[in-house]
Structure formats: C-alpha cells, structure tokens
Amino acid sequence: MIVQWLSKNPQAKVGKVVLVAPWIDLEKDDWPAFDFTLDPDIAKRTHGLTIFHSTDDVEEIQTSVKYLTDNLNDFKYVEFEGRGHFTHKYMPDDTFPELLKECLAE
C-alpha cells in the first residue's frame, strides 16, 4: 500500500494519491508485512491525497478509514453511500466518474 511505502520512505515524493476503500491491518495479525508506523504528514509529499469511502463497506474498511482520517493531516475525504467496496455489485454501472475526475483534477 502506498501509505505504508510513503511512511517508510520519508524522503519520497509522489504525484496524486487516491485511496479507494483503503485497508490497513491494524491488528498486525493477518499481514505482518503491513507492520509500520503511519506518518501523519505523508500528504505533504504528494500532489494531493484523497480517500474515497462508502458508508456501507465492510467493517475492516470502516475501521481502517477511521484510523486514517483520525491520524492523517491535509487530505481530502469523499464519502459515498450505497457503493459497498466499489465493486460491480454496488456500482450503478461500469464507470466511476468521481474517481476519474479526482485523478485528473489538478
């Protein structure tokens, strides 16, 4: 995950970052490779950090998004309803215009 990589590489700078339904193994049980300390200022080393989240996603995503929004600085948060985990099952069609717009915005 880019959040982990940026946290572990404080000298790194990247372009725009859009996290869609991000998950972090907060329990450090399932994926020991995700064991890292979050740098709350990673957004300063991007051309913008945005989190897309749907209020009806699974509990692990809800918990991860809350952790990120509580601990990161200077990010944009976009909340959706009824989009689940942003899969075909929950999306209104095969497009995701909000994501495209965010990626192309300066």
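Quick caveat: nothing in here was measured; it's all calculated off a predicted structure. The basis for the numbers below is simple: all heavy atoms, side chains too, and nothing from hydrogens, waters or symmetry mates.
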K.L.:
Given Arg83 and His53, is the side-chain contact (heavy atoms from CB on, under 4.5 Å) satisfied, shown in steps?
P.N.:
CA-CA 8 Å; Arg83 298 283 183 97; His53 168 245; over 6 Å; no
K.L.:
Quick one: does Ser54's side chain have a donor or acceptor within less than 3.5 Å of a partner on Gly84's backbone?
P.N.:
yes
K.L.:
Does the plane of the ring in Phe86 sit parallel, tilted or perpendicular to the ring in Phe52? Use 30° and 60° as the thresholds.
P.N.:
tilted
K.L.:
For residues Asn73 and Ala43, report the shortest heavy-atom separation together with the two atoms involved.
P.N.:
O-CB, 3.4 Å
K.L.:
Between Asp39 (side chain only) and Asp41 (backbone N and O only), is there a donor and an acceptor less than 3.5 Å apart?
P.N.:
yes
K.L.:
Looking at side-chain heavy atoms only, is the closest gap between Thr46 and Leu6 below 4.5 Å?
P.N.:
yes
K.L.:
Is it true that, when you exclude Tyr67 itself, more than 12 heavy atoms of the residues, nucleotides or ligands shown sit nearer than 6.0 Å to its OH?
P.N.:
yes
K.L.:
Could you see if Met1 belongs to whatever hydrophobic cluster contains Val20? Use Ile, Leu, Val, Met, Phe, Trp, Tyr and a side-chain cutoff under 4.5 Å.
P.N.:
no
K.L.:
Begin from the C-alpha positions of Val78 and Glu98 and carry the test side-chain contact (heavy atoms from CB on, under 4.5 Å) through to its verdict.
P.N.:
CA-CA 9 Å; Val78 181; Glu98 301 91 347; 5.9 Å; no
K.L.:
Counting only N and O atoms by type, is there a donor-acceptor contact under 3.5 Å from the side chain of Thr63 to the main-chain atoms of Glu60?
P.N.:
no
K.L.:
Test your reading of the model: is there a side-chain donor-acceptor pair from Lys16 to the backbone of Thr50, 3.5 Å cut-off?
P.N.:
no
K.L.:
Looking at Glu81 and Asp56, would you say the former's side chain and the latter's main chain have a donor-acceptor pair under 3.5 Å?
P.N.:
no
K.L.:
Does Phe36 belong to the same Ile/Leu/Val/Met/Phe/Trp/Tyr cluster as Ile51, with side-chain heavy atoms less than 4.5 Å apart forming each link?
P.N.:
yes
K.L.:
Would you say Val18 and Val3 are hydrophobically clustered, going by side-chain heavy atoms of ILVMFWY under 4.5 Å?
P.N.:
no
K.L.:
Measuring only between side-chain heavy atoms, which start at C-beta, is Ile42 closer than 4.5 Å to Ser7?
P.N.:
yes
K.L.:
Show the nearest heavy-atom pair for residues Thr95 and Met91, with the distance to one decimal.
P.N.:
O-CE, 3.9 Å
K.L.:
Please lay out, stage by stage, how Trp5 and Val14 fare under the test side-chain contact (heavy atoms from CB on, under 4.5 Å).
P.N.:
CA-CA 11 Å; Trp5 186 80; Val14 298; 3.9 Å; yes
K.L.:
For the CD atom on Gln11, are there more than 12 heavy atoms of other groups (residues, nucleotides or ligands in this structure) within a distance under 6.0 Å?
P.N.:
yes
